[in-house]
Each structure stands twice: as structure tokens, then as C-alpha cells.
Amino acid sequence: MSENVVHLHKPTDPPTDDTAPTVLTVVPDAPPARPVPLWVRSGRAVKTAAMHERTRSTGRAVARHASYTFNGGRIVARRTWDGRTGARYERMIRAAEAAGNLEAAEEWEERLQRFRAARHHRRMDLLHSPVEAAKGVAVGAGMSIGTLVALGIVMAINTGHVGDVITPLSATIDFIALLIRIVQVVWGPALTIGPFLALLALWSVGRKQQAAPNWALPANVRNGEGEPITPSIVVKALRDLGVPALARAIKEMGDAGASMLGPITIAGCGVEVDVTLPSGVSTNEVQNKRRKLAENLTRHEHEVFITIPQAARTVRLWIADSGALDEPIGPSPLVTDETMTADYTKGKAPWGQDLRGDAAALSLYQRHLLITGLSNQGKTVALRSLALWLSLDKSVQFLMGDLKGVGDWAMFDGLATTLIQGPTDEHVIQVTEMVEGAVEEMNRRIQAPPGTVFPPLIVLVDEAQVAFMCPAKDEDRRPYGGAKANSRYFMAVRKIHNQGRAVNVLMWQGTQDPTNENLPKLVREGAHTRASLALGTESQARMALGDKAVDGGAAPNLLRPGLDRGTLVVASDGITIPAGQSSITVRTHYIDDDGAEAITDRAKALRDGVTTLHAIERGEEHDPLADIAAVVGEAPRVRTKDVLARLATRNADAYGGWSFIDLKRVLDDAGAEPYKSDGVMVVARNRVARALANRDTDGSASADG
């Protein structure tokens with residue numbers, strides 16, 4: 001039993017005076033703590049020391065420098081073996097055979113035969129060299145002694161001393177003895193220091209080649225970010241890709257695996273190289289391992305692009321400089337060059353830059369357009385930048401429907417003939433009727449005399465998936481949305497896709513998250529230019545761009561949502577695509593709302609004035625003269641064919657079938673006859689306004705009377 005301890009303390013609640021009695025309390029001792037065994041304390045200390053970062057760094061340094069020395073010896077031994085044997089030539093022969101290049105294989109075989117013949121000749125010379133060397137030494141020694149004696153005789157004659165005859169010979173003997181003594185002094189330390197110098201040389205070779213395990217290398221080398229791309233790095237990345245046939249072929253080639261590679265060329269913010277795969281390896285086996293290949297190249301997945309050029313059994317690798325794709329590109333020329341104009345027929349819209357850093361420009365001439373991608377990836381900005389460029393061609397007319405309705409297209413008010421903005425079913429109905437009005441205009445143009453030239457009419461619908469998924473139906477129970485033969489929006493788009501291109505009526509659509517429900521197959525395949533921002537799956541990429549583009553390497557599903565905002569993959573004959581590829585990746589210029597408004601202000605200055613309709617008038621009484629005045633707007637004069645087009649857009653039911661004769665009849669009756677200006681028939685605003693005012697005055701007078 002342990003002893004008790006007596007503690008002296010005061011009560012818990014001290015009394016008011018200082019005479020509080022001291023209380024004696026007997027408290028038993030707590031049991032003594034059990035001592036920690038020595039082996040436990042030692043184990044913890046060892047574990048702490050082993051886990052310390054300094055210990056780890058020291059261990060890595062020891063392993064690294066030991067590997068440098070050992071592997072440096074292997075490298076020197078292999079180089080020596082290659083220099084003394086035909087191993088190098090044999091590897092090159094195997095590499096040429098694996099690549100199917102028989103001519104190169106024959107050339108290397110001839111070189112091997114020449115090397116073996118020269119080596120045989122040297123070995124035969126070695127058989128006779130001892131005798132020849134002995135003869136040479138004997139003759140040389142005799143001649144040297146004779147020379148020295150002759151020199152001594154000359155000295156003796158000159159000095160008159162006979163002993164000078166052997167002076168040169170004795171001096172030579174003394175010099176040789178001195179050399180022997182020097183060698184005897186140096187030989188011992190050289191034998192001691194020599195192995196250390198040899199190890200230092202091997203260590204230097206291994207260090208230069210970084211011949212150590214990856215975990216033992218320094219952090220900056222181990223991470224490898226920013227490491228330049230060399231043939232050996234590419235070959236090693238392909239060898240470690242996890243394709244057995246490829247690894248075996250490279251192993252048989254040895255260091256000559258670089259023969260698979262074409263020249264590594266600088267391409268924009270990265271490099272590009274063509275890789276000819278050995279027999280038995282298909283291109284899709286490399287394509288399907290893009291992430292692993294990128295990591296083997298010390299890059300992120302989005303920094304490596306794999307495409308299929310025209311050459312058989314070849315993949316083209318574009319490898320970005322580390323972090324280069326996260327840097328923004330410069331501003332759009334539309335913003336920086338206030339004098340820029342557009343040419344719908346011959347020009348190209350400055351859209352952005354390709355991965356090489358070259359300007360990426362898109363021709364819009366007679367091409368239907370579809371841009372898709374996940375929400376908030378820059379779809380509207382990419383589509384709007386094309387419309388902004390085209391607005392600088394004053395002959396282009398726009399019918400626009402923005403089914404998002406947050407003001408992204410508000411700057412086209414006063415520029416577009418029709419601009420409908422809003423996400424509701426009623427807005428979908430308005431947009432559908434707008435597109436159907438464009439179909440009527442298309443039919444009118446088709447029925448025009450052959451050779452008639454029509455101004456381009458761009459029918460643009462942003463967030464088109466809202467229209468395709470609209471559940472509303474008309475009074476005949478025909479749905480506005482959907483993808484059936486009686487779906488009004490779907491059929492109107494299909495009609496424009498089928499015949500609009502011939503008469504310059506073009507359909508542009510932007511949509512989110514392509515599926516068969518919100519982007520029907522016939523609609524997406526009707527677009528000549530198809531572009532996609534980041535998507536979620538490969539199946540969505542195939543819907544957006546088509547099977548051919550995806551099979552050729554297009555992979556918008558591998559773009560990073562949020563980080564690659566504004567980067568899209570384009571499949572179109574309207575943009576320059578490298579030979580053999582089916583798509584190109586473009587980083588688009590960002591034009592904000594202020595920049596867009598400045599561009600549209602310049603575009604409005606090129607025009608005589610456009611009255612923008614924000615709703616489609618339907619099923620109402622119409623006044624032809626008032627409608628003509630409305631579509632003429634504030635322009636002093638408008639060409640008659642433009643007036644007809646605007647009337648058809650304003651009310652397709654009333655004016656869709658109008659011809660010049662109908663327009664002339666109404667104007668002639670009102671006293672506002674059209675006339676020729678610069679060789680074309682025009683309608684004068686002041687004549688129409690005067691006729692409308694006179695008619696209203698006459699009508700009022702009659703009413704008053």
C-alpha cells in the first residue's frame with residue numbers, strides 16, 4: 001500500500017476574514033505512470049528520423065549519385081561496345097525493317113559490311129605488327145645512336161677533347177633515367193587517385209544523362225514541367241504508353257526508335273512531330289491513350305493533341321509548351337482596327353488563333369453554321385463575333401432570335417431587321433414564325449428570274465435547343481418544337497438547309513449540350529460549318545461534329561470546361577485545316593459587350609437605317625402603305641428589292657408573295673412612285689411619308705365633313 005500524502009489548503013469558499021482555519025485533507029497517491037519501454041522510444045525516434053524531410057532528401061541524394069555512377073558506367077560500356085562492334089548498325093537495320101523502309105535497311109547493311117571489312121583488315125595488321133615494330137625499334141635505335149656518336153665527334157673536333165665524343169650519348173641516357181625516376185614518383189599516387197578519377201568521369205556521364213530513378217531526381221527535374229521535347233523523350237513516352245506491340249518494336253530498335261519520328265518543328269506555342277507507327281500498331285491505340293501520353297511527355301492532357309494525317313499508320317502530335325494554353329490570346333482585329341470592313345463573298349471573319357498561333361479566319365459565304373457546347377463556355381460570344389464581322393458588310397440582312405433573352409444581342413437593335421429576345425414559349429412561337437418568314441423569302445427568291453443576285457439573309461437563332469424542346473402547339477395542334485414532320489421550327493430549319501444556300505438565305509444556330517432531343521440529327525448534319533466548345537462525352541462530340549471529325553482526332557469532350565472557355569474545335573471547309581486532318585482547334589477572340597456595341601455602331605453608320613421589329617405581326621389587318629413606310633425607316637431611299645424583303649419578314653402572310661409589280665401598284669396609287677437611282681429602282685422615304693400624310697389628311701377631312 002502506498003503512503004498517503006497530507007495536503008494543507010483552505011476551504012473552497014474563503015471566509016470574509018483572514019482567520020480561516022486550515023483544513024487537513026488526506027489524499028491517496030495516484031498510481032505511478034508505467035515507464036515507456038526503451039525499445040518503443042527507440043522505434044519512435046527511428047520512425048521520426050526516417051520520416052523527416054531531411055532524411056528523405058539525403059536518401060534520395062545518395063541513391064541519385066550512386067545511380068549516376070553505376071548507370072554512367074553502363075552508358076560508357078555500351079558506347080565502347082557500339083564503337084568496337086557492329087551493334088549500332090544492326091539496331092539501325094532492325095529499325096528500318098520495323099518501319100518498312102527496306103532501302104534504308106539495305107544501306108545500313110552495306111555500312112555494316114564495310115565496317116566489318118575494315119575491322120578485319122585492322123586485326124590482320126595486328127598479327128604482323130610485333131615483328132614490324134621490333135624492326136622499327138632496332139633501326140630507329142641504331143640510327144639514333146649513330147646520330148648521337150656523329151654529333152659527339154663533331155663536338156670533340158671542335159673542342160679538341162676526345163671525351164666529348166660520348167657527351168651527347170651520356171646526356172641522352174641521363175635524360176631517360178630522369179624520366180624513369182619521375183614515373184616512379186608519380187606512379188604510386190596515380191594508382192591511388194586513378195580509380196577515383198574514373199568514377200568521377202562515370203558519375204559525370206550519368207549526371208548529364210539524368211540516369212537515375214525518377215523518384216531520386218531533384219524536384220525540378222522530376223516534375224519535368226517545361227522540359228523541351230526531344231526525340232528521345234517522345235520515343236520513351238511512346239514506349240511507356242502501355243501498347244505491347246509498340247513497346248516491343250521500340251525495344252528491338254534500341255536507341256534507333258527515333259527513326260519513327262519526323263522532324264520536330266516549332267508550331268506556335270508548342271512543337272509538332274509526325275510518328276510513323278511500326279507494323280501491328282494502329283493509330284487509335286495511340287489516340288485512346290492521350291492522357292497517358294501527355295503525362296509521359298510531362299504535360300497535361302489538354303496540352304497534347306493527336307490527329308491523323310494523310311500518311312498511313314501515322315499520328316501527328318502537337319505538344320504545347322507547358323502552361324502556354326492558359327495564356328489569353330490578343331484582342332480581336334474587329335476591336336483594334338476601326339477601319340476594318342467585311343466582304344461576305346470573298347472575305348473571312350477573323351475568329352481567333354489556331355494552336356500554332358496563326359490567325360484562324362472563317363469564310364461564311366453560303367455556309368449554314370452550327371455552334372454547340374456546354375453552358376457558359378463562350379458559345380454566344382463566338383457566334384456573335386462572326387455576326388459582328390458580317391455586319392460590317394452593309395448588304396447583309398439579319399433576322400435574329402435570342403432565346404436566352406439576357407441582352408447578349410441587344411446591340412443589333414437598329415441593325416437587324418427582326419430581333420426577338422426572350423426564353424418563353426411565346427418567344428419560341430415568334431422565332432418560329434420569323435424562320436418561316438425567311439422560308440417564304442427563300443421561296444420568293446427561288447422563283448425569281450435566273451441570274452438574279454440576292455443580298456445575304458442570315459437567320460440566326462441562339463439557344464436553339466429552347467425551340468426544339470418547346471411543348472407549345474398552334475391552333476391546328478401542330479407542335480412548334482420537336483423533330484417530327486409536323487414540327488414547325490424543325491421543318492422551317494430543314495427547308496432553309498435544303499434550298500437556302502443557293503439564294504443566300506443561311507441558317508445560323510447556337511445550342512447547348514447536343515443530344516438527339518434538343519438538336520435533331522437532320523438539323524445538325526445540315527450545317528456546313530460545325531464547331532464545338534467543351535462537351536461532356538464523346539457521343540456528344542460525335543453529335544456536334546460528326547463521326548468523321550471525331551475519328552480523325554477531334555475531341556471537344558477533352559477540352560476543360562471553364563478553363564478552355566472560348567476554345568472550340570471546328571469542322572468546315574471554310575477554314576484552313578492542315579492537310580490530312582478533318583478539324584482544327586481554334587482559340588477565339590473575346591469581344592465584350594462594349595466592344596460589340598462599338599462595332600455595331602460602325603455597322604449602323606454604313607447603312608441608311610434599319611427599323612428593327614421585335615415581334616412578328618400575324619393575323620391582323622395590314623396597311624400596305626404604312627408598312628412600306630415602316631420598313632423604309634429613316635433612310636432617304638431604299639432599293640425596291642430590299643423593301644420587298646423587309647415586307648415579307650414583317651408579315652409573311654400578307655407580303656410573302658409580293659413582286660415588284662405589287663409594290664409599284666401600291667406606290668403608284670399613293671403618288672409615291674419608285675424611281676431609278678444609280679441604275680437601281682428605289683423607294684423614297686419623303687415620297688412615301690408625303691403620300692401617307694396626304695392620305696391621312698384627306699381621310700380626316702372626309703371624316704369631318
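Numbering starts at 1 and runs along the sequence shown. Since we're looking at a predicted model, the values are computed, not measured.
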Would you indicate whether the side-chain heavy atoms of W508 and L364 approach each other to under 4.5 Å? yes
Minimum side-chain heavy-atom gap N557-T537 below 4.5 Å: no
For K379, which of L568, L374, T372, I371 qualifies under side chain to side chain contact (heavy atoms under 4.5 Å, CB included)? I371
Of R542, K521, R530, which is the lone residue that meets salt bridge (Lys or Arg N to Asp or Glu O under 4.0 Å) with D547? R542
For I266, is the CD1 atom crowded, meaning more than 12 foreign heavy atoms sit under 6.0 Å from it? no
Among I628, V638, V632, L613, find the residue that satisfies the side chain to side chain contact (heavy atoms under 4.5 Å, CB included) test when tested with R646. V638
Could you please spell out the steps behind the salt bridge (charged side-chain N to carboxylate O under 4.0 Å, His left out) verdict for R445 and E441? CA-CA 6 Å; R445 293 183 177 190; E441 168 64 12; 2.7 Å; yes
Would the number of heavy atoms belonging to other residues, nucleotides or ligands and lying under 6.0 Å from CG of D337 be above 12? yes
If we ignore angles and hydrogens, is there a donor and acceptor under 3.5 Å between the side chains of N504 and Q366? yes
Is the shortest side-chain heavy-atom distance between M442 and L457 below 4.5 Å? no
Please assess E436 against R488 for the test salt bridge (charged side-chain N to carboxylate O under 4.0 Å, His left out), listing each intermediate value before the final yes or no. CA-CA 8 Å; E436 290 174 338; R488 293 182 59 176; 2.7 Å; yes
Side-chain donor/acceptor pairs under 3.5 Å, residues 686-693, sequence neighbours excluded:
residue	atom	partner	partner atom	Å
R687	NH1	E673	O	2.7

Check: W658 and L663 side chains under 4.5 Å, non-hydrogen atoms: yes
Quick one: pull up OG in S677 and CZ in R639 and give me the separation to the nearest 0.5 Å. 11.0 Å
Begin from the C-alpha positions of R384 and D462 and carry the test salt bridge (charged side-chain N to carboxylate O under 4.0 Å, His left out) through to its verdict. CA-CA 9 Å; R384 189 176 68 182; D462 195 11; over 6 Å; no
Greater than 12 external heavy atoms within 6.0 Å of K604's NZ: yes
Just say parallel, tilted or perpendicular for the rings of F412 and W409, cut-offs at 30° and 60°. tilted
Do Q465 and E463 have a side chain donor and acceptor closer than 3.5 Å? yes
Check the orientation of F468 and Y489. Use parallel for under 30°, tilted for 30 to 60°, and perpendicular for over 60°. perpendicular
Under a 4.5 Å cut-off applied to non-hydrogen side-chain atoms, are D425 and P471 in contact? yes
Residues L383, L369; criterion side chain to side chain contact (heavy atoms under 4.5 Å, CB included); working and verdict: CA-CA 9 Å; L383 182 61; L369 175 67; 3.7 Å; yes
Would you confirm whether D564, through its side chain, and A534, through its main-chain N or O, come within 3.5 Å as a donor-acceptor pair? no
For G330, is there any backbone N or O sitting under 3.5 Å from a side-chain donor or acceptor partner on H589? yes
Is there a side-chain contact between M340 and I599 in this structure, where contact means two heavy atoms from C-beta onward sitting under 4.5 Å apart? no
Less than 4.5 Å apart, any side-chain heavy atom of R565 and any of Y590? no
Would you indicate whether K404, at its atom NZ, is surrounded by more than 12 heavy atoms from other residues, nucleotides or ligands within a distance under 6.0 Å? yes
Could you tell me if the side chain of L506 sits less than 4.5 Å from the side chain of Y344, heavy atoms only? yes
With distance as the sole test, does Q430 use its side chain to make a donor-acceptor pair with the main-chain N or O of V428 at under 3.5 Å? no
Crowding at NZ, K348 (>12 non-hydrogen neighbours, <6.0 Å): yes
